[in-house]
Amino acid sequence: MQPPVLSPYQSLMAATPVVHRSVQVDGRTTHYWEYGPADAEQTVLAVHGFRGDHHGLETIAAHLVGVRVIVPDLPGFGISDPLPESDIDAYVAWLTGFHRALGLRCDVVVLGHSFGSIVVSATVAAGLETRLLVLVNPIAAPALQGPRAVGTGIAIGYYRAGAVLPKALGLGLLRNPAIVRVMSIAMLKSHDRDLRRWVHDQHDRYFSAFANRTSVLEAFRTSVTHDVSEYADRIDVPVLMIAAERDDITAVPEQQALAGRLRDAELVVIPQVGHLVHYETPDVAAAAVLRRMADTPAGRAKKAKPGKASGAAS
């Protein structure tokens, strides 16, 4: 593979401390990366989307200046061990166990992008405590219904073929560079040539880093048979939704409908961007997260001067 394309955010990334660690969750290894100061007063746990790995959220992590950001590779993606079965219950159990294994507290902010928005929403609905849930490009409506049903059906056929063909042919299909590039082009809305080259390079490098054909097929099925709206009635924490005006996966009206169902939701729509907010406008997304973190009771207490009020935080 060619040398990496220089990131538009390279200077900020270079200034951001990062440590790679691993932990056992139910007997399987989860690899994760910690960005920012280890002694930061505020922590964000961030879960990436389908077929990606931790690299996808590095840019948002770097823009969350002064915050400790923990980004694991989802089981079966990147270099984390796969789950025995990659259904939503298994992902919920994994994220709950990961949170517990790291000794994270209820004041940790939980963030998910795309498929990660489904995983974190299901986990919070199942009882994981957080002071703020952040959903970036949330999957707000069922993929098997409405205008995306045909495209979803084609994608299901693609992943099924990748799973049932002889191993070499199946992996070749799933990791086919031309198909990966088509996916990348379809999602990318920016006309900036340097940014486009970098995003395509990111997908080329990390979009096929999955453990095996079974786990990627099961994860895809989970991603298209569940959505955040399924858990809306059981989410009783503040929610920040960061949506995109030109997102082809979940349109703005569906995001608005989801926000209306949540008990305490703020919807931020970023103009002229699609499903790759984490690559195209991580600065805007991070600014919204920092603002909302500061507005929660725990965030306001963190900003208070030392004294009685500050000591009562979280």
Side-chain angles (χ1 to χ4, degrees), residues 25-31 47-57 72-95 97-98 112-123 137-146 148-187 202-228 230-231 248-250 275-276:
V25 181
D26 293 330
R28 285 169 286 276
T29 302
T30 293
H31 291 264
V47 179
H48 65 78
F50 176 68
R51 279 192 70 152
D53 65 11
H54 70 280
H55 290 94
L57 293 180
D73 279 350
L74 276 169
F77 295 93
I79 57 175
S80 289
D81 290 344
L83 297 166
E85 186 174 356
S86 299
D87 60 17
I88 194 61
D89 291 337
Y91 281 115
V92 167
W94 163 77
L95 185 56
F98 179 75
H113 171 258
S114 190
F115 175 50
S117 73
I118 301 174
V119 173
V120 298
S121 295
T123 308
N137 290 120
I139 308 301
L144 295 173
Q145 301 175 19
R148 290 174 302 282
V150 173
T152 300
I154 293 171
I156 290 173
Y158 163 71
Y159 282 103
R160 282 178 176 166
V164 301
L165 286 170
K167 184 175 181 180
L169 290 175
L171 286 174
L173 177 65
L174 292 171
R175 291 176 170 149
N176 184 285
I179 294 176
V180 170
R181 179 56 57 90
V182 168
M183 295 178 185
S184 186
I185 291 171
M187 291 187 289
Q202 290 286 291
H203 285 142
D204 289 346
R205 291 178 181 279
Y206 307 120
F207 214 54
S208 296
F210 48 84
N212 53 60
R213 296 183 295 165
T214 300
S215 61
V216 75
L217 172 62
E218 290 178 348
F220 177 73
R221 283 175 176 162
T222 300
S223 73
V224 298
T225 55
H226 297 277
D227 65 273
V228 177
E230 180 180 341
Y231 310 102
D248 297 322
I249 295 179
T250 305
H275 199 65
L276 303 182

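No experiment lies behind these values; they were computed from the predicted model shown.
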Please confirm whether the backbone N or O of [Y] pairs with a side-chain atom of [X], one donor and one acceptor, at under 3.5 Å?
{"X": "Y231", "Y": "V120", "value": "no"}
{"X": "T222", "Y": "S86", "value": "yes"}
{"X": "R213", "Y": "L165", "value": "yes"}

So [Y] and [X], do their side chains get closer than 4.5 Å, heavy atoms only?
{"X": "H226", "Y": "S121", "result": "no"}
{"X": "K167", "Y": "N212", "result": "no"}
{"X": "D53", "Y": "H31", "result": "no"}

Hey, what do you get for [atom1] ([X]) to [atom2] ([Y]), rounding to the nearest 0.5 Å?
{"X": "L83", "Y": "E218", "atom1": "CG", "atom2": "CD", "result": "9.0 Å"}
{"X": "L217", "Y": "R160", "atom1": "CG", "atom2": "CZ", "result": "8.0 Å"}
{"X": "L171", "Y": "N176", "atom1": "CG", "atom2": "CG", "result": "12.0 Å"}
{"X": "I156", "Y": "T225", "atom1": "CD1", "atom2": "OG1", "result": "8.5 Å"}
{"X": "S184", "Y": "I179", "atom1": "OG", "atom2": "CD1", "result": "13.5 Å"}
{"X": "Y91", "Y": "I118", "atom1": "OH", "atom2": "CD1", "result": "10.5 Å"}

Applying side chain to side chain donor-acceptor pair (under 3.5 Å), name anything that partners Q202, two or more places apart in sequence or on another chain.
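Side chain to side chain donor-acceptor pair (under 3.5 Å) list for Q202, sorted by chain: empty.
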Under the side chain to side chain donor-acceptor pair (under 3.5 Å) test, which residues partner T29, sequence neighbours left out?
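So T29 forms a side chain to side chain donor-acceptor pair (under 3.5 Å) with Q24.
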In sequence, state the C-alpha distance, the side-chain angles, and the governing distance for I139 and H275, and then conclude on side chain to side chain contact (heavy atoms under 4.5 Å, CB included).
CA-CA 10 Å; I139 308 301; H275 199 65; 4.0 Å; yes
Which atom pair, heavy atoms only, marks the closest approach of [X] to [Y]?
{"X": "S117", "Y": "P138", "answer": "OG-CA, 3.4 Å"}
{"X": "L173", "Y": "G162", "answer": "CD2-N, 3.8 Å"}
{"X": "S80", "Y": "P75", "answer": "CB-CA, 4.1 Å"}
{"X": "T30", "Y": "D73", "answer": "CG2-O, 4.0 Å"}
{"X": "N137", "Y": "H113", "answer": "OD1-NE2, 3.2 Å"}
{"X": "H203", "Y": "V180", "answer": "O-CG1, 3.7 Å"}

F98 and W94 aromatic ring geometry - parallel, tilted or perpendicular at 30°/60° bounds
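Answer is parallel, since the angle falls under 30°.
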For H48 and F77, take the angle between the two ring planes, folded into 0 to 90°, and tell me which bin it lands in: parallel under 30, tilted 30 to 60, perpendicular over 60.
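Aromatic pair H48/F77 classed perpendicular.
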Test salt bridge (charged side-chain N to carboxylate O under 4.0 Å, His left out) applied to R181 - qualifying residues, sequence neighbours left out
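With neighbours one apart ignored, the set is D204.
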Report yes or no: is the cationic atom of R51 (NZ for Lys, CZ for Arg) under 6.0 Å from the centre of the six-membered ring of F220, at an angle within 45° of the ring normal?
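No, R51 and F220 do not form such a contact.
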List the steps, then state whether ring pair (Phe, Tyr, Trp, His ring centres under 6.0 Å) holds for Y159 with F210.
CA-CA 13 Å; Y159 282 103; F210 48 84; 8.3 Å; no
